[in-house]
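Down below is the structure, laid out as structure tokens.
What you see below is based on every heavy atom in this structure, not just the backbone, and it leaves out hydrogens, waters and symmetry mates.
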Amino acid sequence: MASIGQIVEQTPSSEVLSRAQARAALVPDCMVEAKRIANTVIAGWHGRRKRGMGENFWQFRPYAEGESLSRIDWRRSARDDHTYVRDREWEAAHTIWLWADMSPSMMYKSTYAMVSKESRALVLMLALAEILARSGERIGCPGIMEPVSARNAAERLATAIMHAPLTTGLPETAMIRGQSDIVLIGDFLDDADSVMSRISPLGKRGLRGHVIEVADPAEETFPYTGRTEFTDPETGEKLTSGRAEMIREDYQRAYLARREALGDGLRHLGWSFTFHRTDHLASEALVAVHSQLSGMPAAFPGGRT
């Protein structure tokens, strides 16, 4: 039978930005949705929409005795018999760290997928950087880029990735101080206990985390039949099955159990977990993560949490 999947050529580090732009062109709905979110989120994320110092109008409310008269909006008050105060929206930049797994297992792409896991992870990371930067947040990447608050944060992140060596495993986070959010994007195919042993210390340090598990559809459905040779992209170890369909149920049971255990562990830690398949629109994962960061229910059922 024809091959179902392949390991695509690793993305050269000097082409990360162009690769992300090319992938964005292939998934226009992702870019449209990202721009829509960026345009509708006025003052940023994470429930920052409350009264405080800022430039954007938030609401009119009745004047309370003892408040400064300079805060009264006389034009609005002249419309009826009440005195109103014009509240502005609290604006304060928040630091969000973004990380995408670039290990060999991420380069897998089956015939059922739109793109490789690596491509989707890069697009998600840079699209999130673009949305967050437009909302005024500070964007950083552990071990690659210190947090910056700039409209071109996505481009600066891509440039930093160009000059950073490709690494495997979860990022070094010693440079992250104070309460921040961190978004981790990868396939997380290791044993759930192993992954949680590396993530739990981050939660105990006060980091609010959001994990996006990117999966190829073939990894979930296991469509293989007949004699099939499987190769571990990380170690090169090979496994040959005479009749691959005979192990499908056992494989799917183990695969789903690993994902459920990871999701349960993350939720127990207070982190969010989003499962995303590369045959779905990238915008689904973006909206799901945006909803978690904003404390709102997910808008797309495909961005499963």
Close side-chain approach of [X] to [Y], heavy-atom, < 4.5 Å:
{"X": "Thr231", "Y": "Glu237", "result": "no"}
{"X": "Arg259", "Y": "Phe275", "result": "yes"}
{"X": "Phe230", "Y": "Ser241", "result": "yes"}
{"X": "Ile185", "Y": "Trp99", "result": "no"}
{"X": "Met114", "Y": "Thr278", "result": "no"}
{"X": "Leu184", "Y": "Trp271", "result": "yes"}
{"X": "Thr95", "Y": "Asp181", "result": "no"}

| message | Apply salt bridge (Lys or Arg N to Asp or Glu O under 4.0 Å) to residues Glu219 and Lys117 and explain how you reach the verdict. | response | CA-CA 11 Å; Glu219 292 176 330; Lys117 294 185 291 182; 2.6 Å; yes
| query | Where is the tightest heavy-atom contact between Met102 and Glu118, given as atom of each residue plus distance? | reply |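 Closest pair (atom of Met102, atom of Glu118, distance): SD-CG, 3.8 Å.
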| message | How close do Tyr108 and Ala218 get, counting heavy atoms only, and between which atoms? | response |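 Answer, listing the atom of Tyr108 first, then Ala218: OH-CB, 4.0 Å.
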| Distance in Å, Asp216 CG paired with Ser116 OG, rounded so as to fall on 0.5 Å steps |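 Output value for this atom pair is 9.0 Å.
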| task | Can you measure from CE (Met145) to CG (Leu157) and round to the nearest 0.5 angstrom? | result |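 Separation between the atoms: 4.5 Å.
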| request: Identify, with sequence neighbours excluded, every residue that meets salt bridge (Lys or Arg N to Asp or Glu O under 4.0 Å) alongside Asp264. | output: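 Residues passing salt bridge (Lys or Arg N to Asp or Glu O under 4.0 Å) with Asp264: Arg267.
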| request: Return the set of residues passing salt bridge (Lys or Arg N to Asp or Glu O under 4.0 Å) with Arg248 (not counting sequence neighbours), or none when no residue passes. | output: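 Listed in chain order: nothing, the list is empty.
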| For Arg277 and Asp279, what are the C-alpha separation, side-chain angles and deciding distance, and is it a salt bridge (Lys or Arg N to Asp or Glu O under 4.0 Å)? | CA-CA 5 Å; Arg277 281 183 18 172; Asp279 59 338; 2.7 Å; yes
| What residues form a ring-ring contact (aromatic ring centres under 6.0 Å, His included) with Tyr251, not counting sequence neighbours? |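 In terms of ring-ring contact (aromatic ring centres under 6.0 Å, His included), with neighbours along the sequence ignored, Tyr251 is linked to Phe222, Tyr255.
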| Do NZ/NE/NH1/NH2 and the carboxylate oxygens of Arg258 and Asp190 come within less than 4.0 Å? |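 Not counted as a salt bridge, because no side-chain N and carboxylate O are separated by less than 4.0 Å.
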| query | So which of Thr274, Leu98, Leu286, Val183 actually passes side-chain contact (heavy atoms from CB on, under 4.5 Å) with Leu124? | reply |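 Per the side-chain contact (heavy atoms from CB on, under 4.5 Å) rule, the option paired with Leu124 is Leu286, out of Thr274, Leu98, Leu286, Val183.
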